[in-house]
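Chain A is the first sequence line, chain B the second, and so forth, proteins listed ahead of strands; every chain is numbered from 1.
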Number of protein chains: 2
Amino acid sequence: MRLLVLNFLLKRKAAISLNDIEKAIQPADRITIYRTLKTFEEKGLVHLIDDGTGTHKYALCDDTCGPEEHNDLHVHFYCNGCHETYCLPNSKLPQIDLPEGFGYSEMNLVVKGYCDKCKP
Amino acid sequence: MRLLVLNFLLKRKAAISLNDIEKAIQPADRITIYRTLKTFEEKGLVHLIDDGTGTHKYALCDDTCGPEEHNDLHVHFYCNGCHETYCLPNSKLPQIDLPEGFGYSEMNLVVKGYCDKCKP
DNA sequence: TGAACAATGCAATTGCGTTGCATTGTTTTC
DNA sequence: GAAAACAATGCAACGCAATTGCATTGTTCA
């Protein structure tokens with residue numbers, strides 16, 4: 001089962017939700033996939049994306065990720081047309097000036113718009 | 001009821017969730033507060049914040065917002081200590097280089113860390 | 001082989017957002 | 001001023017996704 005999920009993740013370029021995987025890998029139990037993804041995340045294989053749609057998405061990490069640390073410090077792009085969420089690893093996160101006394105730890109940046117296939 | 005909600009929003013500097021308001025304004029019905037906030041949002045009084053916690057937060061808009069348009073183009077800060085979400089209107093959104101063919105429409109940027117009160 | 005452990009699957013729960021509908025309060029019209 | 005039209009409130013219920021408990025099955029190790 002974990003191999004099935006992993007293979008599906010490798011095939012897809014965009015981030016996918018639990019439902020996507022469930023539909024693609026049938027018959028499969030949603031809870032098993034959920035726990036599989038959770039395990040993958042803990043081990044540093046995938047990272048969880050919050051693209052503002054309310055449903056979690058998952059995408060493969062790059063090689064620098066591990067169980068200790070997630071280097072998912074890149075921009076995510078949500079397409080209003082095809083409703084896909086893409087990782088933009090080439091777009092690095094900007095430097096933000098925080099108010100005095102505030103400490104930075106992580107950042108989540110989601111850009112919305114239309115991807116190259118859906119652009120009107 | 002709407003006045004109660006508005007006054008509570010004015011008193012609080014941080015963004016607040018439906019539950020926060022419900023606990024603060026008792027006795028009050030959750031649905032009524034929900035619809036109140038929804039009305040406020042449509043009229044351009046408050047804007048909705050997705051800080052990645054999974055629950056929506058609301059915060060007052062500045063004077064440039066109206067029913068037609070929300071100028072909530074600023075950074076939000078989530079404190080891992082007190083779990084409060086702050087608006088950082090002085091931190092403008094950065095310019096992100098999108099891949100070829102991608103079109104920009106909106107952006108959501110949440111910085112996480114520790115605020116000045118919770119910084120260790 | 002048997003015990004310890006991990007993985008899976010089913011059922012059920014939680015949390016939050018949301019809608020339907022009846023009731024109450026307010027405004028408009030005659 | 002009464003009746004009708006409309007807005008606001010409150011209760012119940014629904015929906016969706018994430019999450020957990022527990023029993024069952026498969027795997028590893030002594």
(message) With heavy-atom distances below 4.5 Å as the criterion, would you say the side chains of B:Tyr34 and B:Arg30 are in contact?
(response) no
(message) Counting only side-chain heavy atoms from C-beta out, which of D:dT20, D:dA17, C:dT8 sits nearest to A:Lys38?
(response) D:dT20
(message) Without decimals, in angstroms, what is the distance between A:Arg30 CZ and C:dA12 P?
(response) 14 Å
(request) Give one of base, sugar-phosphate or nothing for A:Thr32, where a contact means two heavy atoms less than 4.0 Å apart. (result) base
(request) For residues B:Phe77 and A:Phe102, establish whether the separation of their ring centroids is below 6.0 Å. (result) yes
(request) List the steps and the verdict of side chain to side chain contact (heavy atoms under 4.5 Å, CB included) for B:Asn108 and A:Leu109. (result) CA-CA 6 Å; B:Asn108 184 31; A:Leu109 174 53; over 6 Å; no
(request) Could you tell me whether the side chain of A:Ser105 and the main chain of B:Lys112 form a donor-acceptor pair under 3.5 Å? (result) yes
(message) What I'd like to find out is whether the side chain of A:Leu60 reaches to under 4.5 Å of the side chain of A:Leu10, using heavy atoms alone.
(response) yes
(request) Could you state the atom-to-atom distance from CD1 of B:Ile33 to C1' of C:dG17 in whole Å? (result) 14 Å
(request) Starting from P on C:dT18, measure out to CD on B:Glu42 and report it in whole angstrom. (result) 11 Å
(message) How many whole angstroms separate atom CG of B:Asp20 from atom C1' of C:dG17?
(response) 16 Å
(request) Look at the side-chain N and O atoms of B:Asn19 and state whether any lies under 4.0 Å from the OP1 or OP2 oxygen of C:dC16. (result) yes
(request) Could you state the atom-to-atom distance from CG of A:Leu37 to P of C:dT8 in whole Å? (result) 12 Å
(request) Provide, to the nearest angstrom, the distance between the CZ atom belonging to B:Phe40 and the P atom belonging to D:dA8. (result) 11 Å
(request) With DNA chain C as reference, determine whether A:Arg2 or B:Gly54 sits nearer its 5' end, using the nearest nucleotide of each. (result) A:Arg2
(request) Look at the side chain of A:Ile31 and decide which nucleotide, out of C:dT18, C:dC16, C:dG9, has an atom nearest to it. (result) C:dG9
(request) Consider the side chain of A:Tyr34, meaning its heavy atoms from C-beta on, and name the nucleotide among C:dG9, C:dC16, D:dT20 that approaches it most closely. (result) D:dT20
(request) Give the rounded distance in Å between these two atoms: CD1 of B:Ile25 and C1' of D:dT9. (result) 14 Å
(message) If you assign B:Ala28 and A:Tyr58 each to the DNA chain D nucleotide with the nearest heavy atom, which residue ends up on the more 5' nucleotide?
(response) B:Ala28
(request) Kindly say whether, by distance alone, the side chain of B:Arg35 makes a donor-acceptor pair under 3.5 Å with the base of C:dG17? (result) no
(request) Check every atom of D:dG10, C:dC10, C:dT19 against the side chain of B:Met1 and return the nucleotide holding the closest atom. (result) D:dG10
(request) Give the rounded distance in Å between these two atoms: CG of A:Leu18 and P of D:dT20. (result) 14 Å
(message) Closest approach to the side chain of A:Thr36, judged atom by atom: which nucleotide of D:dT9, C:dT8, C:dA11 is it?
(response) C:dT8
